[in-house]
Amino acid sequence: MISSNQMDFMMILSLIFSVATGYFIFVPEPLKPKYYYKSQNSSGISEFLPYAILVVLIFILMDSQTAISNFLGLNPSRNYDQYMLILEGNEVSHFQSLATPMLTYFSGVIYLLGFSFLLLFTFVALLCTRNTEALKEYVIAFTLIYLAAYPFYIFFPVDVTGNVLPGMIPLLYQLNPAILRIVTICDPSLNNCFPSLHAALSVMTTLFILFRTNLSRYKIFAVGTTIFILFAILYLGIHWITDMIGGIILAFIAYFIATRIFKTRFKDEDISLYMR
């Protein structure tokens, strides 16, 4: 039996290896930095530090969800599953009619590693190709998604479908007990369903890859991976169809805000500095 520590080590090692492999496969040779550089047109580490700190603060916020709920005196057993049942019934259970051991393991890998790789490698790719504007927008969109989803997780918790619908099984958590222990670190009650962060973040990331990069091979990979992620969150008995739709809508909103409103603000600030 694999322990949670062993699972963490395996995931970290897999991510390091996959990111290194992705760099050689998806980043074209002309875009790869040949040497360490620092010129007037290149950004130093200090410029990205606030954005890195922002991401860390978001993860701390997610990890503090139970403490915040307790501080607000919210009932830990409350849920809004009945509204999901009214909206869509048990339609999501049809996805598990396709269940096979191989499909379950594949979906588990996509859910855990494919999703993590997509988010992490996109950050690395934008950094390595010196796409600083898109990198800042990407972090802002990432933050907006978490901040928008967080109140729902606190005040309107919805349980995973595998624990609610008859005949629906939480396949991901049955793959190995270590997976369940890892997931419950940030989602102790398994009720952070609406909106789906896996749907929101993967779709948002793919939008950046498609429209803010020139990585043609990575675009194909990102689209395929995102489609499999959207399938996996339903098939594995985690999310409702409504969760997925809400996550996709949130992804487009966050992408629009980050690339339009913030982009205009950055340009205005640059003009103001230039005119001084």
Side-chain angles (χ1 to χ4, degrees), residues 14-52 54-55 58 109-110 113-146 197-231 247-271 273-274:
S14 299
L15 278 174
I16 293 173
F17 176 77
S18 60
V19 167
T21 303
Y23 176 79
F24 289 102
I25 295 176
F26 298 126
V27 179
E29 198 63 32
L31 295 180
K32 292 177 180 176
K34 301 296 182 183
Y35 50 86
Y36 290 101
Y37 59 90
K38 183 162 184 170
S39 66
Q40 190 175 4
N41 296 323
S42 63
S43 303
I45 295 176
S46 60
E47 184 176 350
F48 297 106
L49 188 59
Y51 296 90
L54 191 61
V55 172
I58 288 297
V109 170
I110 290 293
L113 290 178
F115 172 75
S116 301
F117 172 82
L118 190 66
L119 266 59
L120 179 60
F121 183 74
T122 299
F123 183 89
V124 172
L126 292 174
L127 184 63
C128 289
T129 57
R130 305 182 291 281
N131 195 343
T132 55
E133 184 176 315
L135 180 60
K136 293 175 183 178
E137 294 168 358
Y138 176 64
V139 175
I140 290 169
F142 179 92
T143 304
L144 290 174
I145 285 175
Y146 266 101
L197 283 180
H198 268 67
L201 293 172
S202 60
V203 171
M204 178 274 293
T205 301
T206 298
L207 289 173
F208 271 95
I209 297 165
L210 289 175
F211 303 114
R212 303 291 281 123
T213 76
N214 295 318
L215 308 176
S216 55
R217 283 177 289 187
Y218 190 42
K219 290 180 181 183
I220 298 172
F221 175 86
V223 171
T225 300
T226 298
I227 291 172
F228 281 122
I229 289 172
L230 296 179
F231 170 80
I248 293 173
I249 293 173
L250 179 57
F252 278 90
I253 293 173
Y255 176 81
F256 176 81
I257 293 175
T259 58
R260 298 296 188 274
I261 297 177
F262 280 91
K263 185 176 182 179
T264 302
R265 179 182 174 185
F266 291 151
K267 283 185 176 180
D268 291 342
E269 289 177 352
D270 290 341
I271 291 173
L273 289 172
Y274 176 76

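Starting from 1, each residue takes its place in the sequence as its number. Below, each value reflects all heavy atoms present in this structure, side chains not excepted, and no hydrogens, waters or symmetry copies.
Atom OH of Tyr146 has more than 12 heavy atoms from other residues, nucleotides or ligands within 6.0 Å.
Listed for the Asn131 side chain is a donor-acceptor partner under 3.5 Å among the backbone atoms of Arg212. With hydrogens and angles ignored, the 3.5 Å screen pairs a side-chain donor or acceptor of Ser18 with a backbone N or O of Leu15.
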Kindly indicate, with the supporting measurements, whether the criterion side-chain contact (heavy atoms from CB on, under 4.5 Å) is fulfilled by Phe115 and Leu201. CA-CA 9 Å; Phe115 172 75; Leu201 293 172; 3.8 Å; yes

Between Tyr255 and Thr206, does the side-chain contact (heavy atoms from CB on, under 4.5 Å) criterion hold? Intermediate values first, please. CA-CA 10 Å; Tyr255 176 81; Thr206 298; over 6 Å; no

For Leu230 and Ile248, run side-chain contact (heavy atoms from CB on, under 4.5 Å): C-alpha distance rounded to whole Å, both residues' side-chain angles, the deciding distance at 0.1 Å, then the answer. CA-CA 10 Å; Leu230 296 179; Ile248 293 173; 4.2 Å; yes

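The shortest distance between side-chain heavy atoms of Phe231 and Ile110 does not fall below 4.5 Å.
Interatomic distance, CD1 of Ile257 versus CD of Glu137, reported as 12.5 Å (0.5 Å rounding). If you take CZ on Phe123 and CZ on Phe142, they are separated by 10.0 Å, rounding to the nearest 0.5 Å. Atom CG of Leu144 sits about 8.5 Å away from atom CG of Leu250, to the nearest 0.5 Å. With rounding to the nearest 0.5 Å, the separation of CG in Leu135 from CD1 in Ile140 is 10.0 Å. With values rounded to the nearest 0.5 angstrom, Thr129 atom OG1 is found 9.5 Å from Tyr23 atom OH.
Side-chain N/O atoms of Thr205 and Thr122 include no donor and acceptor closer than 3.5 Å.
In terms of heavy atoms, Ala251 sits closest to Ile145 at CA-CD1, 4.3 Å. Counting all heavy atoms, side chain and backbone alike, Val27 lies closest to Leu215 at CA-CD2, 4.3 Å. Closest approach of Phe208 and Ala258 over heavy atoms only: CZ-CB, 4.4 Å. Contact detail for Ile229 and His198: the closest heavy-atom pair is CG2-O, 4.0 Å. What you find for Thr226 and Ser202 is that their closest heavy atoms are OG1-O, 3.5 Å. Across every non-hydrogen atom of Ile209 and Ala222, the tightest pair is CD1-CB, 3.5 Å.
Between Phe26 and Phe117, the angle of the ring planes lies from 30° to 60°, which puts this pair in the tilted group.
When Thr225, Ile25, Leu118 are each tested for a side-chain contact (heavy atoms from CB on, under 4.5 Å) with Tyr218, only one passes: Leu118.
Taking the six-membered ring where the residue is Trp, the centroids of Phe221 and Phe121 are separated by 6.0 Å or more. Aromatic rings of Phe256 and Phe252 (six-membered ring for Trp) have centroids beyond the 6.0 Å cut-off, not under it.
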